[in-house]
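I have placed the structure first, in the form of structure tokens, so that the comments after it can refer back to it.
Numbering of residues begins at 1 and proceeds along the displayed sequence. Order of appearance sets the numbers: ligands from 1, and atoms from 1 within every ligand.
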Amino acid sequence: MPAIVTSSVFPKLSEPLGLFGGTFDPVHFGHLRLAEEAIAHLALGGVRWIPAGQPPHRGIPQVTAGQRLDMVRRATAGNPQFFVDASEVEASEPSYTVHTLERLRRELGDRQQLVLLVGADAFAGLSTWHRWRDVFALAHVAVSHRPGFPVEMASLPHALAAEFNARRLADASALRTSPHGGIVTFAMTQLAISATQIRKLLANGLSARYLLPDDVLDYIQIHSLYRNA
Ligand code: ATP
């Protein structure tokens with residue numbers, strides 16, 4: 001293992017570091033396989049999970065950002081290549097991905113290869129993100145396939161398709177040639193699991209077992225989460 005433990009909470013890696021943001025409401029096996037397979041396909045040293053803070057436009061949440069964070073901690077516990085970053089959850093202001101990447105650059109320096117992991121559906125919306133073009137000046141982007149969401153130029157908004165075309169790397173080994181700026185795609189085990197589906201099952205009193213880790217399901221039950229539609 002390449003990890004060199006420093007005074008920081010997170011180990012410093014000599015390999016590319018994966019960054020995985022999401023609402024994780026709740027975290028499920030689609031997320032876990034994406035992160036696990038990204039490590040293998042992209043030769044990452046590890047993945048830093050970054051649960052999003054509470055979006056300000058949402059009504060009174062049934063599940064708090066702290067609870068989503070707890071569930072991610074439970075799901076990732078025991079995997080030495082997974083690290084959980086609570087900064088967006090703890091921030092008082094809504095965190096944009098570009099701000100998080102800028103903070104990580106300050107923390108990790110200019111030379112660390114950063115790889116933002118996104119599913120195909122999230123990637124298709126990337127050109128709506130705050131200062132989205134700046135993302136490429138801070139990190140690579142790795143897009144995983146997801147059932148129902150093809151990763152094709154034709155299905156992307158024009159401006160994003162142009163970036164995809166210009167930045168696409170032939171293979172994952174090219175991620176090491178620069179700290180940021182490339183786009184790669186990778187095929188993962190196709191799991192048609194979504195947090196929406198899990199919330200619906202639970203709200204209807206149905207079983208969500210085997211769609212997410214038992215430890216997370218236990219937490220949901222202990223805290224009576226997702227009971228009301
Ligand atoms: P929701 O159903 O509430 O929209 P979600 O299941 O899509 O949630 P998010 O937390 O929004 O989960 O997703 C975080 C990231 O994980 C996104 O980049 C998304 O594309 C990716 N992702 C989520 N589920 C899968 C899956 N089953 N396969 C591949 N990627 C996934």
Determine whether a donor-acceptor pair (N or O, by modelled atom type, separation under 3.5 Å) exists between the side chain of [X] and the backbone of [Y].
X	Y	value
His41	Phe186	no
Asn204	Leu206	no
His28	Gly30	yes
Arg48	Leu17	no
Glu36	Leu34	no
Arg167	Gly181	yes

Within reach of ligand 1, part of Gln190 (heavy-atom separation under 4.0 Å):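 The answer is neither; Gln190 stays 4.0 Å or more away.
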Measure Leu34 to ligand 1 on non-hydrogen atoms and call it side chain, backbone, both or neither using the 4.0 Å cut-off.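 Answer for Leu34: side chain.
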Linking I/L/V/M/F/W/Y whenever any side-chain heavy atoms sit under 4.5 Å apart, do Tyr210 and Leu202 land together?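 No: no chain of side-chain contacts under 4.5 Å links Tyr210 to Leu202.
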What class does the angle between the rings of Phe24 and His31 fall in, given that below 30° is parallel, 30 to 60° is tilted and above 60° is perpendicular?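 Plane angle over 60°, so perpendicular.
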Applying a strict 4.0 Å limit to heavy atoms, is Ala192 in contact with ligand 1?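 Distance cut 4.0 Å: Ala192 fails for ligand 1.
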Please verify whether a non-hydrogen atom of Asp25 lies at under 4.0 Å from ligand 1.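 Under 4.0 Å: no for Asp25.
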How about Thr100 and Glu88: does a side-chain donor come under 3.5 Å of a side-chain acceptor?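 A donor-acceptor contact under 3.5 Å links the two side chains.
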Hey, looking at [atom], which of [options] has the closest heavy atom?
atom	options	answer
atom 9 (P) of ligand 1	Arg33, His31, His28	His31
atom 18 (O) of ligand 1	Gly22, Gly119, Ser194, Ala195	Gly119
atom 10 (O) of ligand 1	Trp49, Phe24, Phe20	Phe24

Any nitrogen or oxygen of [X], side chain or backbone, less than 3.5 Å from one on ligand 1?
X	answer
Leu191	yes
Thr196	yes
Met188	no

Among all protein heavy atoms, pick the one closest to [atom] and tell me residue, atom and distance.
atom	value
atom 11 (O) of ligand 1	Thr23 OG1, 4.2 Å
atom 28 (N) of ligand 1	Arg146 CG, 3.5 Å
atom 3 (O) of ligand 1	Arg199 NH1, 3.0 Å

May I ask you to list the atoms of ligand 1 that are less than 4.0 angstrom from any heavy atom of Asp121?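 Those of ligand 1 that fall under 4.0 Å from Asp121 are 19 (C), 20 (O).
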Of all the atoms in ligand 1, which lie at a distance below 4.0 Å from a heavy atom belonging to Val118?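 Close to Val118: 18 (O).
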So for atom CG, which belongs to Asp171, do other residues, nucleotides or ligands contribute more than 12 heavy atoms lying within a distance under 6.0 Å?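 Yes, the 6.0 Å shell around CG holds more than 12 heavy atoms from other groups.
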